[in-house]
Amino acid sequence: MSGPAEYIFFAAAAMTVGAAILVAILPNILYAAVALLFSFAGVAGLYVLLSADFLAATQILVYVGGIIVLLLFAVFLSNRISDTKITNPTHFRLPAATICLVLFGVLSYAAVSTPYAVKKGVYLPTAADIGELLMTRYLLPFEVASVLLLAALIGAALLSRPDRPAPEKGDMEEGKR
Amino acid sequence: MGLKAYMNDIVEAVVTTAKGMRITARYGVDPREEVTLQYPEERWEIPEGYRGFLHNDIKTCTACTMCVKTCPVDCISLESVRGADKRMVLASYDINIGRCMYCGLCVEVCPPKSLKHTSGYEMASVTRGELILHFIAEDAAEIKARVARQVAEAAAKAEAQAAAKAAEVPSSGTAEVAKAAEAAKAGAQAGPKAAEVPPSGTAEAAGAQASAKTAEVPLSGTKAPDVSSESAKAPVVEPKAAKEGENKE
Amino acid sequence: MTTRTDALPTQEMTINMGPQHPSTHGVLRVILTTDGEVVTRAVPDVGYLHRGLEKIGERVTYAQYMPFTDRLDYLAAMNCNCAWAWAVEKLAKIEVPERAEYLRVIVCELNRISSHLIAFGSYTADMGAFTPFLYGIREREHVNDLFEMICGNRLTYNYARVGGVSGDAPPGFLEKTKEFLDYFEPKIDEYNNLISYNKIFVHRLANVAVIPAEEAVAYGLTGPNLRGSGVPFDLRKDEPYSVYPKFDFKVCVGTGERGTLGDCFDRYMVRINEMRESIKIVRQAVAQIPDGPVLAKVPRLFKPPVGEVYFRSECPRGETGIYLISDGSVNPFRLKIRTGSFVAMNIFEKVTKGLMIADIVAVIGSFDIILPEIDR
Amino acid sequence: MEALAISLVNAVPLLAGVPLWAVTLLLMVVVAAVILVFALTFEGVGSLVLRKVAGDIQARIGPNRVGPNGMLQFLADGVKLVLKEDLIPANADRLLFKLAPYFAFVGSFAAFVVVPFGVGLIAADLNIGIYYVMAVTSLVVIGVLLAGWSSNNKWALLGGMRAAAQIVSYEIPVGMALIPAVLIAGSLSLQDIVRSQSGLLGIFGWNLFHNPFTFFSFFLYFTAAQAETNQTPFDLPEAESELVSGYNVEYSGIRFGLFFLSEFGDMFIVATLSTACFLGGWNVPFFNAGTLPWIWGNLFSLGVFLAKAFTMVLIMMWVRWTLPRLRVDQLMRMAWKYLVPLTFVNLLGVSLWLLVFKGKGIPAMIASLFG
């Protein structure tokens with residue numbers, strides 16, 4: 001990594017981390033959601049630098065276009081949640097600090113000790129590879145994940161369904177409204 | 001919902017949309033159907049009997065006040081005095097065009113047909129006072145004073161004639177006549193009409209102002225083609241009248 | 001489908017729709033209580049355009065009140081003019097020349113067409129299609145031209161007079177009227193193709209705000225709103241006045257062709273079909289119109305006998321009833337006007353329960369209300 | 001981009017002392033500016049055409065006062081938007097209120113990067129082209145949602161919610177309807193997709209006529225995309241007769257202008273995507289623009305592409321001035337009960353077709369019959 005890529009990396013990393021910190025400390029939940037958006041966008045930038053273009057686009061599509069929208073929706077729909085000022089409670093400081101330190105240590109160790117297979121200066125399209133892997137080697141996890149999501153979808157539909165079953169009518173016929 | 005109904009829905013949606021789009025496309029490509037009138041450049045033909053701004057031909061107006069009585073919104077105001085020949089003389093004739101609703105009732109009742117609708121329909125003004133059309137340029141007080149003078153003169157003349165007839169003495173002195181006239185004038189001043197005339201100094205001053213302002217105004221009896229232009233030429237707006245108009249509103 | 005239960009409690013939201021809102025057709029204010037998009041309660045709040053027209057009527061003479069009826073329903077001023085004239089004539093027992101009656105019927109029906117054109121146009125604009133609105137306005141312009149020709153004004157006509165009409169039809173008027181009818185008749189089919197039977201439009205209107213016939217009668221709806229529920233009640237037929245009995249036309253009623261009887265689509269279609277019937281009436285009137293005077297001799301300041309009268313006529317927005325009490329003086333002692341739009345506001349809250357915000361717009365449009373008539 | 005920078009540095013000796021990253025950055029900025037200017041011009045012209053077309057269809061004239069025949073109307077509009085007072089409601093969330101238009105604008109503007117305007121005219125030929133467009137346009141939702149919420153206006157909030165629900169729902173059929181083109185080209189890159197439709201079959205080389213499923217796919221895409229970009233009959237988020245103006249009701253001045261531009265940008269992106277994926281992009285029948293000299297080939301293909309895209313925009317406007325608006329529940333029903341199943345069936349059909357006929361379309365098969 002050299003030249004502009006380095007600067008971009010630091011910019012993206014700073015955006016990711018800085019926005020993440022904002023998410024943790026901002027009292028206004030809506031602002032936190034927007035900060036989270038920037039954090040996700042920073043991660044997408046890191047993916048771009050890693051030549052993982054497909055992953056970057058997915059990051060934007062799923063997290064920014066999906067998760068954040070869902071989050072905002074939940075905030076809007078929830079009863080006065082946007083007015084509440086959420087500050088992280090100051091209880092359990094010691095256990096929290098311990099857990100954080102341990103986690104940080106583990107992650108740093110993992111980051112430092114992983115033998116990365118670095119390919120120099122090669123830019124290859126990844127979409128085809130990802131697709132092939134999903135359809136061959138990781139077919140089972142992929143399908144399991146989709147079944148899981150389907151189950152979640154059905155559950156959500158069931159939860160939000162009105163108790164009274166809707167009258168059997170043609171779908172384009174709204175019936176007597 | 002059966003598959004057939006499902007498909008029918010789709011087909012119906014597509015067909016009705018296509019039908020509508022055919023019609024809009026036809027209008028889109030056919031410039032003849034564009035009916036916009038580009039207003040300041042193009043104007044539509046104003047039919048006969050169009051009820052535009054009101055215009056009163058003050059030369060034929062008899063000051064009968066029918067229009068004032070008929071107007072449902074009281075937008076016409078009129079002052080008149082009885083002239084020397086026993087006919088009413090208009091002192092002022094104002095139409096508040098901002099209040100007029102162009103119903104035409106006043107025109108219908110006008111006995112000498114002096115009040116008419118013109119074809120004018122454009123007018124803009126900065127103050128509401130300018131929306132009051134003054135059909136008589138002269139100040140009302142001045143006219144009243146003048147008419148009163150005429151009445152008095154006529155009376156004096158009549159008296160003098162009577163006196164001349166009565167006195168068989170051949171006229172030796174015009175001074176006597178003048179004296180008699182003066183006396184008549186003094187008497188007229190005491191009369192009810194003259195009493196309305198404000199103190200002569202201020203009245204004259206106001207009159208002079210008004211006449212100076214409106215000296216070149218040709219508020220003629222000819223039918224104006226466009227009242228807006230006429231009123232632009234003749235904004236006989238006295239500050240006092242304007243204020244009054246505003247206050248009335 | 002659109003109904004929610006208490007399974008997930010949500011907070012209701014109160015929204016002010018109006019007095020300045022593009023689709024309340026004026027200064028109507030509707031207080032919406034909504035659960036998301038679903039309206040739980042919609043209360044119309046009228047009175048923003050109250051000008052005391054009834055009180056004014058007690059202060060001006062019978063003839064002077066005529067221009068004020070223009071302001072009663074400015075989209076159908078001719079009908080209101082004539083209603084007032086008929087009411088006063090009934091009170092004072094004035095005979096009207098036949099030609100005047102024919103002219104009145106011609107202008108009334110032409111004005112019904114132009115009023116329904118606005119109803120059609122603004123309704124489609126409410127539904128999001130702006131183009132038909134301009135087509136409707138374009139056709140209305142022709143009617144306005146005709147009216148300008150006959151009475152000199154384009155919006156507030158003040159054409160009828162107690163005892164007749166203000167002026168005879170100028171030469172060429174009847175021919176131009178015929179021309180207009182020939183031009184306009186095919187346009188109705190075009191409207192139907194363009195928008196009336198459009199799938200989206202039908203879906204927005206069908207089955208929305210259904211008013212059953214009994215309910216419509218119970219709430220006192222009149223005009224197209226009543227006929228949309230399938231009640232064939234038309235004052236021109238059922239309580240004939242003027243020269244209407246001489247004409248052959250049919251009363252349009254809702255048929256429930258695309259949904260339930262009495263829904264918004266039926267009310268809309270009644271108006272579209274009524275335009276055809278009006279064309280028929282005008283054609284007959286133009287063909288049969290007799291010669292003669294157009295204004296009876298009525299004293300300028302006439303004093304009707306002491307008494308009271310209620311005259312109702314079929315206006316585009318329903319029955320316009322004029323209740324007059326005379327104490328024998330030049331002014332009415334009491335004037336009360338019943339209007340179709342005001343009555344439609346009574347049932348508004350009932351039929352809008354459980355609809356969506358977009359349907360509120362559809363309901364307001366389907367009643368074809370006009371605010372000066374509601375507030376008077 | 002870096003390669004271009006290197007070649008530039010080599011070509012211009014004056015730049016030798018400047019660090020490479022600075023040149024690259026400068027190039028990026030220049031390219032972005034060019035695209036921005038292009039997008040703004042297009043959107044201005046688009047708004048003018050929209051108003052002219054609306055005028056014609058509605059039997060009236062349309063703008064004709066500014067400049068000859070009203071040609072400069074869009075400039076006047078732009079100047080007006082810039083000069084207008086920028087109002088922020090008293091109780092609005094000021095930060096988010098100011099931020100929201102940028103999200104919307106960036107979302108639609110960033111998509112221009114991968115649009116293949118000509119043989120070699122593409123800002124970045126990403127090999128995830130279509131996917132990238134889908135991803136960045138989803139930013140528009142955020143802008144709209146935040147605008148609706150931060151205005152502190154209930155109509156705006158309703159508009160924002162409608163917009164978000166609508167855009168999220170319609171992203172699925174839009175994506176699904178585009179996949180046939182991807183399958184045929186075997187690449188996500190828009191330039192590759194356009195190239196796959198060249199050849200000597202003329203108009204029948206286009207994906208539109210590849211097979212019956214792609215034919216339907218085009219219309220499904222067009223419908224769904226209109227909904228995704230909030231065009232009538234799916235303009236519920238800004239339904240002026242219901243929500244007054246929806247999510248942008250409190251905006252004025254240039255902030256409103258940004259929303260306006262992003263809407264037009266979305267419209268153009270839809271037109272370009274349908275052009276590139278189904279209508280052969282910059283290909284013209286029986287002629288290969290790639291054989292021309294670089295500059296003429298690019299100019300020619302740019303003209304062809306823009307002509308096609310503009311035609312699509314015109315059709316969108318035509319639809320817009322014809323149809324009334326759907327209701328919210330009908331909109332959702334249309335997405336989930338009609339478009340989503342149909343696009344899936346269509347995708348299945350295209351896949352089977354490609355599998356059975358080895359990727360050949362009907363025109364290609366007919367052509368092969370004749371040798």
Side-chain angles (χ1 to χ4, degrees), chain B residues 8-28 30 32-37 43-54 64 66-75 99-111 116-121, chain C residues 56-57 59-61 63-71 81 124 129 131-132 134-135 137-139 141-142 144-159 161 166-168 170-173 176 187 189-203 295 300-301:
Chain B
N8 270 346
D9 267 348
I10 297 171
V11 169
E12 201 187 319
V14 171
V15 167
T16 54
T17 305
K19 259 188 192 173
M21 284 174 73
R22 219 190 80 219
I23 291 170
T24 45
R26 214 195 64 226
Y27 280 112
D30 193 349
R32 272 176 305 150
E33 298 277 354
E34 285 179 5
V35 291
T36 310
L37 191 78
R43 279 153 199 273
W44 74 99
E45 203 184 315
I46 286 178
E48 227 168 282
Y50 179 77
R51 302 212 304 261
F53 294 140
L54 287 170
C64 66
M66 278 306 291
C67 48
V68 180
K69 284 176 191 151
T70 309
C71 182
V73 289
D74 297 340
C75 73
R99 194 187 280 183
C100 175
M101 58 181 181
Y102 308 97
C103 62
L105 291 179
C106 50
V107 174
E108 276 169 35
V109 298
C110 185
K116 279 200 177 69
H117 282 291
T118 63
S119 54
Y121 52 86
Chain C
I56 290 173
R59 309 291 295 199
V60 297
T61 65
Q64 274 182 330
Y65 193 65
M66 190 60 76
F68 290 100
T69 57
D70 286 333
R71 277 84 183 161
N81 282 173
T124 53
T131 307
L134 288 157
Y135 293 174
I137 291 277
R138 179 188 63 195
E139 263 71 86
E141 235 8 57
H142 293 278
N144 279 358
D145 284 343
L146 287 173
F147 286 163
E148 193 183 20
M149 201 171 162
I150 198 169
C151 75
N153 241 342
R154 296 178 77 84
L155 187 70
T156 50
Y157 310 117
N158 190 26
Y159 180 55
R161 290 287 178 276
S166 70
D168 200 352
F173 173 80
K176 276 206 165 169
K187 296 279 179 194
D189 292 322
E190 194 179 286
Y191 297 156
N192 282 344
N193 277 332
L194 173 60
I195 187 93
S196 298
Y197 291 114
N198 184 288
K199 186 87 180 159
I200 299 172
F201 192 69
V202 169
H203 274 289
L295 192 56
R300 203 158 277 156
L301 273 178

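Quick note: numbers below take in every heavy atom, side chains included, and nothing from hydrogens, waters or symmetry partners. Numbered from 1 within each chain, the chains take letters A, B, ... in sequence-line order.
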key: Under 4.5 Å from any heavy atom of chain B - which part of R154(C)   = side chain
query = How would you list, by chain and number, every residue that makes a side-chain contact (heavy atoms from CB on, under 4.5 Å) with P47(B), sequence neighbours excluded?
reply = Y50(B), E148(C)
message = Quick check against the 3.5 Å criterion: does Q64(C) have a side-chain atom that pairs as donor or acceptor with the backbone of V73(B)?
response = no
ask   = Are side-chain heavy atoms of P170(C) and E48(B) found at a separation under 4.5 Å?
value = no
task = Please report the C-alpha distance between T70(B) and T61(C) in whole Å, then the side-chain angles of each, then the deciding distance to 0.1 Å, and finally whether the side-chain contact (heavy atoms from CB on, under 4.5 Å) criterion is met.
result = CA-CA 9 Å; T70(B) 309; T61(C) 65; over 6 Å; no
query = Looking only at heavy atoms, what is the nearest atom pair of K199(C) and D9(B), with distance?
reply = NZ-OD1, 2.8 Å
key: Toward chain B, the part of A63(C) with a non-hydrogen atom under 4.5 Å   = backbone
ask   = Taking C-beta and beyond as the side chain, do Y65(C) and P72(B) meet within less than 4.5 Å on heavy atoms?
value = no
task = Show your working on side-chain contact (heavy atoms from CB on, under 4.5 Å) between E108(B) and S166(C) and close with a plain yes or no.
result = CA-CA 9 Å; E108(B) 276 169 35; S166(C) 70; 3.7 Å; yes
message = Among residues at least two apart in sequence or on other chains, which ones pass side-chain contact (heavy atoms from CB on, under 4.5 Å) with V107(B)?
response = L54(B), L115(B), H117(B)
message = What I'd like to find out is whether the side chain of Y102(B) reaches to under 4.5 Å of the side chain of T156(C), using heavy atoms alone.
response = no
query = Which bit of M21(B) comes within less than 4.5 Å of chain C, counting heavy atoms only: side chain, backbone, both or neither?
reply = neither
note = Ranked by heavy-atom pairs below 4.5 Å to chain B, first place among N198(C), T131(C), V60(C), V202(C) goes to N198(C)
Engaged part of Y159(C) at the chain B interface, taking heavy atoms whose separation is under 4.5 Å = neither
ask   = Is the side chain of R51(B) donor-acceptor paired with the backbone N or O of Y157(C) at a distance under 3.5 Å, no angle test?
value = yes
ask   = What is the distance from atom CG of N192(C) to atom OG1 of T16(B), rounded to the nearest 0.5 Å?
value = 12.5 Å
query = Are E190(C) and K19(B) close enough, and set up right, to give a salt bridge (Lys or Arg N to Asp or Glu O under 4.0 Å), and what steps lead you there?
reply = CA-CA 10 Å; E190(C) 194 179 286; K19(B) 259 188 192 173; over 6 Å; no
ask   = Which pair of non-hydrogen atoms, one from L194(C) and one from I23(B), has the smallest distance, and what is that distance?
value = N-CD1, 3.6 Å
key: Toward chain C, the part of V14(B) with a non-hydrogen atom under 4.5 Å   = neither
